[in-house]
Amino acid sequence: MLHPLQIYNTLKRKKEQFVPLHAPLVGLYVCGPTVYGDAHLGHARPAITFDILFRYLTHLGYKVRYVRNITDVGHLENDADHGEDKIAKKARLEQLEPMEVVQFYSNRYHKALDALNVLSPSIEPHASGHIIEQIRMIKEILDNGFAYESEGSVYFDVEKYNRSHAYGILSGRNIEDMLNTTRELEGQEEKRNSIDFALWKKASPEHIMRWPSPWGDGFPGWHLECSAMSRKYLGDTFDIHGGGMDLIFPHHECEIAQSVAAEGHEAVRYWMHNNMITINGQKMGKSLGNFITLEELFSGSHHLLQQAYSPMTIRFFILQAHYRGTLDFSNEALQSSEKGLSKMLEAFENISKIPASSQSSVNIGDLRKKCNDAMNDDLNTPIAIACLFEGVKYINAALSGEITLSAKDIEELQSVFQTFLIDIFGIKNEVKDGNAAYESFSKAVDILLELRMQAKVNKDWETSDKIRNELTALGFEIKDKKDGFEWKLNK
RNA sequence: GGUUCCUUGGCCGAGUGGCUAGGCACCGGUCUGCAAAACCGUCUACGGCGGUUCGAAUCCGCCAGGAACCUCCA
């Protein structure tokens, strides 16, 4: 099975043909969230980007094992917290058990991702559930001489590693620059070098999240969990590792070093990184305090939001930009996505209303190929969406009788939209899908509009406009046709 | 300061050495009782200055502005 899928490999800094190690199986690992706060718009980017990759690989016929972790331990804070774990810090703040915090935010994360129609990964491992694997990996690194113990902590010896391997190959840095530019931080004295990173960190007496280890009670370093868990579920070597660009250094760089130091070879064949969502040109982020949570976007409750934006609008907005480019948040951009999506969904639903002709007056034959080509070119969703809009044009033109389409072409349009818009892009009709009451209320609206038709026949414009205006105010869009009416509910 | 990257029309965003996506907005038209939707048309850009080339927005150099990473981060 050979598909011409090209993906950009951050490690090689170019697009490469994707050839899985064990086709038709594909191993995919993506860095998930640290669950100490609500997911914001920035978190939606990798979730959706790699959801598309997951869906597209599946569409191509691969059997994908998609692993996306939950980080619930080990994030050191090197500022005023003196090495206190983020989860533990928040826990004390709110007087909750650490695992209660983890559960709370994990649930909310899943809820937001469900709303965005992001498929669940095959495995969602927690770092806290893989302490044994992480300790084992530290031992291997120690045995191979690339780490050292100091005051109950274990550090990775970057300089020693760099003598025989290249530390910095992913991020394009060299060790001399790093030694010169790394900021002086507290708690550095127990390390041989400022750029050494923790594999295991000794827990201070008040530190709640702690596990026993050969080096005393403590907790694993942040970079280790992904190395240990990806190895456990995907093997020593696997196909794709994804995450946000801000993780390239140090997180992914350290992962490479850990794998090589433990196993003697790199684990990941293709590194993929999504770019940031910006707000006023600046990265949206927790530490910058300029983020908008997904829940706020869905409800419109944030001072920067002019209105609520539905999960599908957010999804479509993200897909209208290529995943490797920055994407700037603005109400205007979101609103245009909302309208564009509405137009596309409506066209999709109208395909079945196109009257079939004996032959087509236009050639829609290459639409599917164009969509495929776009996706094969490093998941170029904006191009693929542009192609679908070409299809929208055909659908509308056929409905208004300006072009004719054969039954075969109508079927092909239906199939292309089903495949790309629904199956691969994961767009759904939020009003109809999963709404058990839809049929009933839709009939109720029909009854009202039939009354309006009667009023129109009687030239009772007052009644007719009253019904239309009040429905419009409720979010319905009423369209008069030559012989009847159509409506839809904008959400 | 170091490393990497970006700058496209009113807005968002693709793309690329010659054939100049797409969405949204605006304006004009068709349709309509009036609208809405749809359709047709208009507007047509690649930060600045040089260079390479028959030809550059696309390659190279310089300048300006911006960003990411170097510290937790999607």
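In this text the structure is predicted, and so the values were computed from the model without any measurement. Values below: all heavy atoms of this structure, side chains included; hydrogens, waters and symmetry mates excluded.
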Would you say [X] places a side-chain N or O within less than 4.0 Å of OP1 or OP2 belonging to [N]?
| X | N | answer |
| --- | --- | --- |
| A:Lys283 | B:rC69 | yes |
| A:Asn380 | B:rA14 | no |
| A:Lys343 | B:rC24 | yes |
| A:Thr34 | B:rA74 | yes |

Have A:Gln6 and A:Asn376 got a donor and an acceptor in their side chains that come within less than 3.5 Å?
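No, because no side-chain N or O of A:Gln6 sits under 3.5 Å from a partner of the opposite role on A:Asn376.
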Does NZ or CZ of A:Arg315 come closer than 6.0 Å to the centre of the six-membered ring of A:Phe425, within 45° of the ring's axis?
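Output no; distance or angle outside limits.
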Could you state the [atom1]-[atom2] distance from [X] to [N], rounded to the nearest angstrom?
| X | N | atom1 | atom2 | answer |
| --- | --- | --- | --- | --- |
| A:Glu390 | B:rA14 | CD | C1' | 14 Å |
| A:Leu113 | B:rA74 | CG | P | 13 Å |
| A:His251 | B:rA68 | NE2 | P | 20 Å |

Go nucleotide by nucleotide along RNA chain B from the 5' end; which of A:Leu41 and A:Ile383 gets its closest nucleotide reached first?
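Between the two, 5'-proximity favours A:Ile383.
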Pairwise 5' ranking along RNA chain B for A:Lys481 and A:Leu341, keeping only the more 5' one:
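With A:Lys481 and A:Leu341 compared, the 5'-side residue is A:Leu341.
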Minimum heavy-atom distance A:Leu288-A:Lys283, with the two atoms named:
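The answer is CD1-O, 3.1 Å.
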For RNA chain B, the residues among residues 463-473 of chain A that have a non-hydrogen atom under 4.0 Å from it:
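Within this stretch, A:Ser464, A:Asp465, A:Arg468 sit under 4.0 Å of the strand.
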C1' spacing across the pair B:rG28 / B:rU42, given as an integer number of angstrom:
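Comparing C1' positions in B:rG28 and B:rU42 gives a spacing of 7 Å.
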Output all residues satisfying ring pair (Phe, Tyr, Trp, His ring centres under 6.0 Å) with A:Tyr56, sequence neighbours left out; order by chain, then residue number.
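Listed in chain order: A:His59.
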Applying the Watson-Crick and G-U wobble criteria at under 3.5 Å, what pairs with [N]? Answer none if nothing qualifies.
| N | result |
| --- | --- |
| B:rG17 | none |
| B:rG1 | B:rC70 |
| B:rA64 | B:rU7 |
| B:rG33 | none |

Going by the angle between their ring planes, with limits at 30° and 60°, are A:His223 and A:Phe197 parallel, tilted or perpendicular?
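Because their plane-to-plane angle is over 60°, the rings of A:His223 and A:Phe197 count as perpendicular.
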Look at all strands and tell whether A:His273 reaches a base, only sugar-phosphate, or nothing, counting heavy atoms closer than 4.0 Å.
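Here A:His273 touches no strand at all.
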